[in-house]
2 protein chains.
Amino acid sequence: MEKLDQVLFFTLEKSIKKYRQFAQKQIDSANIDITIDQWLVLKSIQDLPDISQHQIAENVFKDYASVTRMIELLVKKDYLTRAFHATDRRRFNLIITKKGNSVLDKLIPIITANRKQALKSLTKEEIEKNRAFLNRIIENCKPGIGNL
Amino acid sequence: MEKLDQVLFFTLEKSIKKYRQFAQKQIDSANIDITIDQWLVLKSIQDLPDISQHQIAENVFKDYASVTRMIELLVKKDYLTRAFHATDRRRFNLIITKKGNSVLDKLIPIITANRKQALKSLTKEEIEKNRAFLNRIIENCKPGIGNL
DNA sequence: TACAGTTTGATGATATATCAACTATCATTG
DNA sequence: CAATGATAGTTGATATATCATCAAACTGTA
């Protein structure tokens, strides 16, 4: 069996971890109290204000349970409030607070710079090819007749 | 700001997560009681029998604390034993048990099949290009003068 | 309308990630 | 040899991942 560092999935894990560490450090350095995962959730709500927690989970491909807990944290941090939903009493209205919006605004230039730095010297074409490649992996890993 | 699904790092996260879910399912289906992360640690020890916990952590780019806890679990599961190190009393000798070796053996065909399935229809050349691409991201995210 | 099945969300248990603080041991050097 | 600094590993706290189970509310249909 090959050594781990020759396996593509290993490089894949390493790259995303390094990017996350790097990006989180930049956020911390700016004294913004949020994790990348919390930001993903908050951003999903901003993009689709009437989103449900289940939809958020699918959006950021996280577990429903994780989303529940992350939302609790965002409420604790006063970035988000929960109100009753007008038509469905199982659901909540997730409303980003002023503080939450301010954090989202402050994050824009940081995240943009992070992505730019991480993709420095890589062309648009390379990036697109890579995305296509990764999407084929995603397709191949879908549960299907072949691997149930 | 772009929607999340247009961001490369998002696709990157998704692909590694989908691969992990898929691969873990195959392991579970074979009734092998191990997680992928535990396997990574066990495999590191098999590859380098005199490895230290710090080296393991670097090998699989995990935190030292995580490695400590994963090793505890592997010992509990009787896949690994800890003995005193001959020359350095701070360290441990990590020895894979018979049971551990048996699990490692049983995993070889499963992991091989997983990787093959996930990379189905992707050529060696594409894979190599992709690895190079990811390595450039890793380089770009290294802490340096530009982003401290 | 009443029941069955589905959807939304919460919670408990376990595994891992990350940071910080801590102990024990080793290595260096004055 | 003693003081200092480096290294190996542990532990606590908090965040997240995953699975299973649960309750409440909704929907469709007999």
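Because only heavy atoms are used, hydrogens play no part in the values below, and waters and symmetry mates are left out as well, while side chains stay in. Just so it is clear: chains get the letters A, B, ... in the order the sequence lines come, proteins before strands, and each one is counted from 1. Predicted model, so just to flag it, every value in this text is computed and none were measured.
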Asker: Calculate the interatomic distance between B/Gln53 atom CD and C/dT25 atom C1'; express it in whole Å.
Answerer: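 After rounding, the reported distance stands at 15 Å.
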Asker: The test is side chain to side chain contact (heavy atoms under 4.5 Å, CB included); show your working for B/Thr87 and B/His85 and say whether it passes.
Answerer: CA-CA 6 Å; B/Thr87 59; B/His85 192 91; 3.4 Å; yes
Asker: In chain order, what residues pass the side chain to side chain donor-acceptor pair (under 3.5 Å) check against B/Asp88, with sequence neighbours excluded?
Answerer: B/Arg90
Asker: Please give, in whole Å, the distance from C/dG9 P to A/Arg82 CZ?
Answerer: 9 Å
Asker: Measure the angle between the two terminal helix axes of the helix from C/dT1-D/dA30 to C/dG30-D/dC1, five base pairs each, and quote it to 10°.
Answerer: 0°
Asker: Along nucleotides 14-27 of chain D, 5' to 3', which nucleotides get a B, which get an S, and which get a -, given that the test is a protein heavy-atom distance under 4.0 Å?
Answerer: -SSBBB----BBS-
Asker: Do A/Lys43 and B/Glu2 sit within salt-bridge range, that is, some charged N less than 4.0 Å from a carboxylate O?
Answerer: no
Asker: Could you work out which one of C/dT11, D/dT11, C/dT8 sits closest to the side chain of A/His54?
Answerer: C/dT8
Asker: Does anything in residues 55-76 of chain B form a salt bridge (charged side-chain N to carboxylate O under 4.0 Å, His left out)? List the pairs, not counting sequence neighbours.
Answerer: B/Asp37-B/Lys62
Asker: Counting C-beta onward and ignoring hydrogens, is there a side-chain heavy-atom pair between B/Leu40 and B/Thr35 closer than 4.5 Å?
Answerer: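 Of all side-chain heavy-atom pairs linking B/Thr35 with B/Leu40, none is under 4.5 Å.
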Asker: Which pair of non-hydrogen atoms, one from B/Leu42 and one from B/Tyr79, has the smallest distance, and what is that distance?
Answerer: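 Here B/Leu42 and B/Tyr79 meet closest at CD1-O, 4.0 Å.
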Asker: Taking 4.0 angstrom as the limit, do A/Arg20 and B/Glu13 come out as a salt bridge?
Answerer: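 Salt bridge between A/Arg20 and B/Glu13, a charged N being under 4.0 Å from a carboxylate O: yes.
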Asker: Decide if atom NZ of B/Lys129 counts as having more than 12 heavy atoms of other residues, nucleotides or ligands within a radius under 6.0 Å.
Answerer: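 Counting neighbours around NZ of B/Lys129, 12 or fewer heavy atoms of other residues, nucleotides or ligands fall under 6.0 Å, so no.
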Asker: Return each pair, listed once, that meets ring-ring contact (aromatic ring centres under 6.0 Å, His included) where at least one residue sits in residues 28-65 of chain B; pairs must be two or more places apart or across chains.
Answerer: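 Listed once each, the pairs are A/Phe10-B/Phe61, B/His54-B/Tyr64.
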Asker: So if I take residues 41-49 of chain B and measure heavy-atom distances to DNA chain D, which residues fall below 4.0 Å?
Answerer: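 Within this stretch, nothing sits under 4.0 Å of the strand.
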Asker: With respect to the phosphate group of C/dG9, does any side-chain polar atom (N or O) of A/Thr68 fall under 4.0 Å of OP1 or OP2?
Answerer: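 Answer no for this pair, as no side-chain N or O of A/Thr68 is under 4.0 Å from OP1 or OP2.
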Asker: Would one find more than 12 heavy atoms of other residues, nucleotides or ligands at under 6.0 Å from atom NZ of B/Lys25?
Answerer: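 Counting neighbours around NZ of B/Lys25, 12 or fewer heavy atoms of other residues, nucleotides or ligands fall under 6.0 Å, so no.
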Asker: Closest heavy-atom contact between A/Gln117 and B/Asn140?
Answerer: NE2-O, 2.7 Å
Asker: For A/Gln55 and C/dT7, what is the distance between atoms CD and P respectively, to the nearest whole Å?
Answerer: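 Checked: the CD to P distance equals 13 Å.
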